[in-house]
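Bear in mind that the values here come from a model prediction, so they are computed numbers and not experimental data. Counting convention: from 1, in listed order, for ligands and their atoms alike.
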Amino acid sequence: MALLSLKVNSTWRALRSAEGAPALDVIREELGLTSTKEGCREGDCGACAVLVGEHVGDMVRYGAVPSCLLPLGTLRGKHLLTLEGLVEGTEDGLTPVMRAFLAENASQCGFCTPGFIIALTSWLAEPRVPDLAGALQAIDGNLCRCTGYGAIRRAAARLVERFKYLPLEPMARLRALVEVQVLPPSVLEFAAESTREGSSVPRQNSETTSLPRGEVAPHAVVGGGTDYYVRNPEPEKGFSPLLTQILPEFGQIRYVSDRGERWLEIGAAVTVRDFFASPVVRGEVPGIERFETMFASTLIRNLATVGGNVVNASPVADITSMLLALGAQLVIVPETGTEDNTAALRLCPLEQFFLGYKTLDLSAGEVLKAIRIPVLDEPSSRRFSFEKVSKRKNLDIAAVNTAISFRFEGGRWKDVRVSLGGVASVPMLSTEAMDVLEGASCDVLDGKSLAGLARKAAQAAASSISPIGDVRGSAEYRRRMVYQLILAHFVRLFEASGIAEELFP
Ligand SMILES: Cc1cc2nc3c(=O)[nH]c(=O)nc-3n(C[C@H](O)[C@H](O)[C@H](O)COP(=O)(O)OP(=O)(O)OC[C@H]3O[C@@H](n4cnc5c(N)ncnc54)[C@H](O)[C@@H]3O)c2cc1C
Ligand code: FES
Ligand code: FES
């Protein structure tokens with residue numbers, strides 16, 4: 001078995017464990033770093049959070065992820081920081097984040113505390129102006145059963161007050177955080193090692209990033225692992241998946257031209273965080289960033305991939321619902337020889353990919369390489385909205401979701417696509433709602449006529465589905481939710497027209 005090199009706190013280590021082992025087990029059992037706790041093992045509690053540093057372009061960046069769902073192999077060549085590593089070099093064994101917790105009595109039994117410290121440290125490392133909303137968002141994937149969140153909130157507020165003037169330039173930010181001992185010196189060592197020419201830092205190489213040509217070993221394809229490891233919490237010993245996150249060409253967002261059309265191509269291994277943060281995605285789909293926090297938690301978004309969301313084929317997958325409305329096509333390639341596969345690739349419209357419940361137009365030996373969104377001549381003309389109902393605001397799978405994308409041409413609706421999730425065995429388009437809207441004339445300031453059109457489209461969508469009932473909602477509840485969510489799209493998109501008062505007087 002090939003050795004797997006990564007920097008663990010301040011030391012480079014070569015591990016023998018299988019690439020498919022959940023990192024949490026290796027961290028606690030092989031590395032003996034027991035500050036990282038095992039709670040739910042399902043990505044729900046954040047007790048197992050660790051900081052992962054990686055080289056991105058000329059920079060190094062850090063993000064917190066749940067190690068219970070993290071395939072060890074994705075840490076190859078990266079920097080793994082646990083609490084034991086964070087306190088290295090501190091005067092009293094405490095970082096300022098820990099001191100804020102102490103000052104506010106924000107820890108009782110302490111089981112959740114390492115996860116909160118890691119998540120807040122990760123938030124401080126992001127090159128943004130710290131504010132309380134951002135701090136609370138950073139810990140939306142962390143649960144505490146005994147302290148109560150008031151004290152944790154006060155600790156976060158202390159950090160906002162103390163660190164509001166951190167530099168915004170990424171490397172200057174990391175240096176400043178090392179200076180004040182929020183981060184350890186090993187962060188700057190890692191940055192230097194990663195960028196040094198001819199560095200001894202182990203790099204990803206083709207031997208470890210794709211299977212040998214013509215040979216398909218029994219294994220699974222794993223992106224972030226946030227679905228895979230929930231289903232397989234203890235994979236077989238020696239399990240070695242094909243990790244899409246370490247295939248460099250699977251991680252890009254770029255423009256491509258193919259068969260006379262221009263596309264924005266999003267690599268299957270692009271994380272949900274990077275998808276929403278991407279300036280090009282934001283440019284092509286104006287306003288899409290508003291919907292980021294409707295997906296899981298910060299910890300999960302840092303790990304989950306866009307491709308995993310599609311291939312997991314949940315009928316209520318949120319990114320899939322958005323991509324359906326955006327007219328996405330999938331780029332599918334043979335998994336052998338994934339690096340030179342232009343000739344072998346095939347395209348599949350996303351709506352044709354789902355053949356039945358968790359049954360896909362994807363053969364054994366094929367992988368999803370990327371997702372393409374058609375590029376508009378005037379991207380700013382695209383209107384887009386996403387809605388979802390779930391029991392909890394964070395960390396909850398939708399009962400029903402929907403997205404809509406269209407543009408106006410000569411005062412009429414054009415290229416309308418409406419997706420629905422949670423109303424059938426597969427994510428789907430509502431062709432009935434699309435037919436109502438396509439070509440309809442529209443005055444964006446006429447709330448009354450917009451309300452009439454919204455009701456017609458909502459009725460068409462709700463009456464054309466035959467949902468089943470389950471623990472998340474009865475069939476009738478889902479039908480009503482579809483009706484309401486289509487109205488909600490209109491309220492969001494035409495706020496200035498006074499449509500809300502028309503629909504809900
Ligand atoms: C706590 C929690 C909250 C969640 N909340 C949400 C939510 O709000 N909304 C939502 O939509 N989802 C949610 N999810 C589900 C999950 O995070 C998403 O579906 C995520 O996008 C999956 O991506 P991944 O990379 O982690 O998938 P993985 O677990 O790596 O893979 C999922 C499946 O796809 C296959 N696969 C992955 N990549 C490829 C590829 N490139 N080619 C072929 N096969 C591939 C894998 O074999 C696996 O069967 C949540 C999960 C958890 C644990
Ligand atoms: S153990 Fe709960 S998120 Fe990992
Ligand atoms: S301090 Fe006990 S669970 Fe949070």
Original post:
Using 30° and 60° as the class limits, which term best fits the ring planes of Tyr229 and Phe239: parallel, tilted or perpendicular?
Top reply: perpendicular
Subject >> Donor + acceptor pair across side chains of Gln245, Thr305 (<3.5 Å) >> reply: no
**OP:** For residues Val482 and Thr402, determine if any side-chain heavy atom of one lies less than 4.5 Å from a side-chain heavy atom of the other.
**Re:** no
Subject >> Closest non-hydrogen atom pair, Phe250 against Leu368 >> reply: CE2-O, 3.4 Å
Original post:
What does the list of residues with a heavy atom under 4.0 Å from ligand 1 look like, ordered by chain and number?
Top reply: Glu42, Gly43, Asp44, Leu69, Val221, Val222, Gly223, Gly224, Gly225, Thr226, Asp227, Tyr228, Val230, Arg231, Thr244, Ala268, Met294, Phe295, Ala296, Ile300, Ala304, Thr305, Gly308, Asn309, Val311, Asn312, Ala317, Asp318, Val367, Leu368, Lys388, Leu395, Asp396, Ile397
Original post:
Are the side chain of Thr359 and the backbone of Tyr357 linked by a donor-acceptor contact shorter than 3.5 Å?
Top reply: yes
Original post:
Any donor and acceptor pair, going by atom type alone, linking the side chain of Gln108 with main-chain N or O of Cys146 inside 3.5 Å?
Top reply: yes
Original post:
Hey, is there an N, O or S on Cys68 sitting under 2.8 Å from atom 2 (Fe) of ligand 2?
Top reply: no
Subject >> Check: His79 ring centre within less than 6.0 Å of Tyr62 ring centre >> reply: yes
Original post:
If you count the atoms of ligand 2 from 1 in the order shown, which ones are under 4.0 Å from a heavy atom of Arg41?
Top reply: 1 (S), 2 (Fe)
**OP:** Enumerate the atoms of ligand 2 whose separation from the nearest heavy atom of Asp44 is less than 4.0 angstrom.
**Re:** 3 (S)
Original post:
At their closest point, which heavy atom of Met434 faces which heavy atom of Leu429, and how far apart are they?
Top reply: SD-CB, 4.1 Å
**OP:** Verify the distance criterion only: is there a donor paired with an acceptor across the side chains of Asn302 and Thr271 at less than 3.5 Å?
**Re:** no
**OP:** State whether the side chain of Arg28 and the backbone N or O of Thr34 hold a donor-acceptor pair below 3.5 Å, judged by distance alone.
**Re:** yes
Subject >> Interfacing atoms of ligand 2 (cut-off 4.0 Å, heavy-atom, Gly43) >> reply: 3 (S)
Original post:
Does Arg145 count as lying over the ring of Phe111, i.e. NZ or CZ under 6.0 Å from the six-ring centre, within 45 degrees of the axis?
Top reply: no
Subject >> Protein N/O/S count near atom 4 (Fe) of ligand 3 (criterion: distance under 2.8 Å) >> reply: 2
Subject >> Atom indices of ligand 2, in the order listed, that fall short of 4.0 Å to a heavy atom of Gly39 >> reply: 1 (S)
Original post:
Which of the numbered atoms in ligand 2 are below 4.0 angstrom from a heavy atom of Cys48?
Top reply: 1 (S), 3 (S), 4 (Fe)
Subject >> Under-4.0 Å salt bridge between Arg301 and Asp274 >> reply: no
Original post:
Roughly, to 10 degrees, what angle do Cys40 atom SG and Cys45 atom SG form around atom 2 (Fe) of ligand 2?
Top reply: 110°
Original post:
Does Glu126 come within less than 4.0 Å of Arg61, counting only side-chain N to carboxylate O?
Top reply: no
